[in-house]
4 protein chains.
Amino acid sequence: MSQQNPNRRDIGRKPKFRRRAEARPDDILDAALKLFSLQGFMPTRMEDVAKEAGISKGAIYLYFPSKKALLEGLIRRAVVPVADSALEMIAAHRGDPLPVIRKFLTMVASAVKGPDGFAVPKLVIREAAAVPEIARMYREEVIDKALPAIAGLIAQGVEGGYIRNVDPELTVRTVVGPLFMHVLLDEVFGIRPDEGLAIDRLVDNHLTILMAGLAPETGGAR
Amino acid sequence: MSQQNPNRRDIGRKPKFRRRAEARPDDILDAALKLFSLQGFMPTRMEDVAKEAGISKGAIYLYFPSKKALLEGLIRRAVVPVADSALEMIAAHRGDPLPVIRKFLTMVASAVKGPDGFAVPKLVIREAAAVPEIARMYREEVIDKALPAIAGLIAQGVEGGYIRNVDPELTVRTVVGPLFMHVLLDEVFGIRPDEGLAIDRLVDNHLTILMAGLAPETGGAR
Amino acid sequence: MSQQNPNRRDIGRKPKFRRRAEARPDDILDAALKLFSLQGFMPTRMEDVAKEAGISKGAIYLYFPSKKALLEGLIRRAVVPVADSALEMIAAHRGDPLPVIRKFLTMVASAVKGPDGFAVPKLVIREAAAVPEIARMYREEVIDKALPAIAGLIAQGVEGGYIRNVDPELTVRTVVGPLFMHVLLDEVFGIRPDEGLAIDRLVDNHLTILMAGLAPETGGAR
Amino acid sequence: MSQQNPNRRDIGRKPKFRRRAEARPDDILDAALKLFSLQGFMPTRMEDVAKEAGISKGAIYLYFPSKKALLEGLIRRAVVPVADSALEMIAAHRGDPLPVIRKFLTMVASAVKGPDGFAVPKLVIREAAAVPEIARMYREEVIDKALPAIAGLIAQGVEGGYIRNVDPELTVRTVVGPLFMHVLLDEVFGIRPDEGLAIDRLVDNHLTILMAGLAPETGGAR
DNA sequence: TATGAATGAGCGTTCATTCAT
DNA sequence: AATGAATGAACGCTCATTCAT
């Protein structure tokens, strides 16, 4: 999570010095990400990707056996570090989970804000429904790890009296859903608040409600 | 070589298989919905739709001028009743909006529970990138009506002191996002709670948190 | 029914039949000219052209963006040399125009005599109604250059006293029409003089009448 | 030929008084002529013809077995009376043929001027190249009768010393070609003199040249 | 007779993938 | 390793023709 490569570009590349600068697969993925994000998966032609990557159509097939493999590679590349870093934090936690939830949502929000920092998840939101393999892969690599982690956190909080008596598995949807919907409205329908995407404000607003909503019923927490 | 291919159309006619005019546009839309939901818009061939509807390829074009029009017809059919009924309720309201929000979410939940209740929205999300008109249409017909209505409701509630001081436009995401995410997790990623889809329980759980979260500040939350 | 038709593209690839890049655009145009002349534009399938050219359907689109572009390419190829060479001769002229007219008709006649000499013009007439761009293109590139040139020549001759007082614009039809009709009768209706096409004799006979008909009035004709 | 119906509409119809006014085939041909003339044969759909004729698509097939038969019917209807009347005049002639030629061209010109009077020949000019049957039929019914008749006239004139020593069969092209080209330029390419179609002036101008050109070489004719 | 809903072969074009160089 | 010309299956849409009514 710390030294594990600040830019994700060089993951899984063996340093064999052949002719060129040696980052072909990643250049291709960069090009694919840009175009898939811009125009969607299906309308993007392999030739477009090749041109964007500055290589020939055929060269792509030296690294990726099919167009779908490109999308899968994209997700694999982006998904591994993200999931791990976030989940470590959650798994290590003890005590009142509300601050962690706050931290988690803030962390995700700041990831979303960065340029292309959230491009792949946004792509998944758009394309998962159309490309089942994507859905499966994203589910296995991200969702099946993240959701139970947060649910466990909430369950802990309920048991410890930090959180009102709610169903942890369902509450996860209340925790994450608003942020998810915010991004989806923007990505799919181009709908964003009047002042801009404003992810920070969205998270703030959501946290205000969430914290109050999750707080134990009686008086103050604990 | 001289008289080659004079009229490819006149050869080998097999006796046609005729049927009466009961394949109404609705039957075609049913077939289209089934296949689009199952395999997606682009991979579904017009001939598939025709076969599913029990008619010939050309017959579809008697009722719909293009494949895209089929998708649009699907949305229009699903969209009109939903939007109207829900929005009337909201528009007519005065006073504490929390009960209305509860009612709205319950209403949406029960609509989603029905067979194919979420098929069209999912289709819209799936295909929005590939067929932008679809996204625009759904946005104009549904989202641009529903979101402002709920936001207005919340704004009223804030002014009337029924609701904590929140940003109405952003709060809409907190209200609707969880339900939406619940359904999408199920439909796209195949993820549902251990006990089944349980939309009612999801709504209950969400409402518990939401009502507490939106209630005016009595003491100090957090 | 569940996994129906996931990817129709990946099944049953037979080893392709490859060929080197000698199928230049000209080969394609040759094939197209042959088939268009034989069967007409509309009844000729792109696949027919491809087969005739010894390449695949898709390869044609490497060189021509559409079927119409094929027809346009055909015309452009045939038209450029003809127009230029003939018109230069006319434009440079001063003095008695009758020898030039004689030369012009002889030149056109010899061009028409060659193999496929009239194929493109006939094609243009044939398809003008169905593909209006063709008519416009031929008009702009050939007719609108040639007719005014000859008309100007005649006008000059009238002014210089070399030619009887006739309307130049209409006289062009008398000059060119007979040759044109001769070829069209042959090509379209299969009608030719008993002794064969005999273009040279046609031109001779026509010139005899034309020269006498255009000569300035000495006594009283009629 | 006399009492046999002055307007060509009812040819070949048996007077069985069924439901309607009884001129269906001719109404259909009228509609077809209008549309074929306007947009060409191929782009005109059978349904267009039906609508124009005020009947249903299927009804056309009660009278004409195919689209091509429509075109053939059109030509057959128009061709028979025209050819006969013009050729009678020519066949009956003795003596100087130049006045007859003048009369013939004038007659054709006036036919061309009339509204739709020349629609079918114009259609043939456009479509003969694309629909071989049309070419054949028109050749047999019109051209093979007209050309030899005029050629015979010219041959007579040459023998009688009224006309310069020319090849009659080739001279026919000089006689008719200009008028033909005038119409073709207009029909196919939309090219007409600045003052309008001006057929009369075209014929006048052409006749001026033709008469002088055909006159015996020595002094004035006769 | 007449209708017009229905048919279905047909075709232009696209593009993921292959492979000779 | 790299190219890009070539392939060919696929699919949306048209329209002449048919036939149940």
Side-chain angles (χ1 to χ4, degrees), chain A residues 18-20 24 42-50 55-68 70, chain B residues 5 7-23 42-50 55-68 70, chain C residues 5 7-23 42-50 55-68 70, chain D residues 16 18-20 24 42-50 55-63 65-68 70:
Chain A
R18 278 297 180 97
R19 290 182 198 154
R20 298 279 255 110
R24 283 290 143 81
M42 289 242 10
T44 298
R45 276 134 74 255
M46 288 298 263
E47 188 150 19
D48 298 337
V49 177
I55 59 175
S56 76
K57 218 183 335 174
I60 296 181
Y61 286 87
L62 297 174
Y63 302 102
F64 299 92
S66 74
K67 194 184 178 186
K68 205 142 64 182
L70 225 46
Chain B
N5 186 17
N7 217 341
R8 246 183 310 285
R9 298 221 176 191
D10 300 344
I11 52 175
R13 275 277 146 80
K14 281 168 290 180
K16 314 280 173 57
F17 181 72
R18 216 135 300 258
R19 54 179 48 253
R20 247 321 6 121
E22 278 325 304
M42 291 238 10
T44 299
R45 281 150 30 307
M46 286 299 264
E47 192 153 14
D48 297 338
V49 178
I55 59 175
S56 75
K57 213 186 340 172
I60 296 181
Y61 288 87
L62 260 32
Y63 302 101
F64 298 92
S66 72
K67 194 183 180 188
K68 205 143 67 183
L70 222 47
Chain C
N5 186 18
N7 218 342
R8 246 182 308 286
R9 298 220 175 193
D10 299 343
I11 52 174
R13 273 280 145 79
K14 281 168 289 180
K16 314 282 173 57
F17 182 72
R18 215 135 301 257
R19 53 177 51 252
R20 248 321 4 125
E22 278 326 304
M42 291 237 11
T44 299
R45 284 155 21 313
M46 286 300 263
E47 191 152 17
D48 297 337
V49 177
I55 59 175
S56 77
K57 214 186 336 174
I60 296 181
Y61 287 87
L62 259 33
Y63 302 102
F64 298 92
S66 72
K67 194 183 180 187
K68 205 144 67 182
L70 223 48
Chain D
K16 34 177 169 171
R18 279 297 180 100
R19 291 182 198 155
R20 297 278 254 109
R24 283 290 143 79
M42 289 244 6
T44 298
R45 278 136 71 255
M46 288 298 263
E47 187 150 18
D48 298 336
V49 176
I55 59 174
S56 77
K57 220 183 332 175
I60 296 181
Y61 287 87
L62 296 174
Y63 302 102
S66 73
K67 194 182 178 188
K68 205 142 65 184
L70 224 47

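The chains referred to below are lettered A, B, ... by the order of the sequence lines, with proteins before strands, and numbering in each begins at 1.
Atom OG of B:Ser56 is separated from atom CG of B:Leu62 by 8.0 Å, given to the nearest 0.5 angstrom. Between the CD1 atom of B:Ile60 and the CD atom of B:Glu47 there is a distance of 9.0 Å, given to the nearest 0.5 Å.
End-to-end axis angle for the helix from E:dA2-F:dT21 to E:dT21-F:dA2, using five pairs per end and rounding to 10°, comes out at 20°.
Between the CD1 atom of D:Ile60 and the P atom of E:dA2 there is a distance of 12 Å, rounded to whole Å. Between the CG atom of B:Asp48 and the P atom of F:dA10 there is a distance of 12 Å, rounded to whole Å. Atoms CG (A:Leu70) and P (E:dT17) sit 10 Å apart, rounded to a whole Å. Between the CE atom of B:Met42 and the P atom of E:dT14 there is a distance of 13 Å, rounded to whole Å. Taking atom OH of residue C:Tyr61 and atom P of nucleotide F:dA6, one finds them 16 Å apart after rounding to whole Å. Atom CG of A:Leu62 is separated from atom P of F:dT3 by 9 Å (rounded to the nearest Å). The CD atom of C:Glu47 sits 14 Å away from the P atom of F:dA10 (whole-angstrom rounding). Between C:Ile55 atom CD1 and F:dT7 atom P there is a gap of 7 Å when expressed in whole angstrom units.
Toward the 5′ end of DNA chain F lies the nearest nucleotide of C:Gly58, the other residue of the pair B:Ser66 and C:Gly58 mapping further downstream.
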Is there a side chain to side chain contact (heavy atoms under 4.5 Å, CB included) between B:Leu70 and B:Met46? Walk through the geometry before answering. CA-CA 10 Å; B:Leu70 222 47; B:Met46 286 299 264; 4.0 Å; yes
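Residue-environment remark: CE (D:Met42) stays at or below the threshold of 12 foreign heavy atoms within 6.0 Å.
With hydrogens and angles disregarded, no donor-acceptor distance shorter than 3.5 Å links the side chain of D:Lys67 to the backbone of D:Arg45.
Contact annotation: B:Tyr63 side-chain N/O to E:dA6 OP1/OP2 distance is under 4.0 Å.
Comparing F:dA5, E:dG4, F:dT3 by their nearest atom to the side chain of A:Lys57 picks out F:dA5. Closest to the A:Met46 side chain, of the nucleotides E:dA16, F:dA10, E:dA6, is E:dA16. Proximity note for C:Ser56 (side chain, C-beta onward) versus F:dG12, E:dA6, F:dA6: the nearest is F:dA6.
B:Tyr63 approaches B:Ala59 most closely through the heavy-atom pair CD1-O, 3.4 Å.
B:Lys67 comes within 4.0 angstrom of sugar-phosphate atoms only, judged by non-hydrogen atoms across all strands, and of no base.
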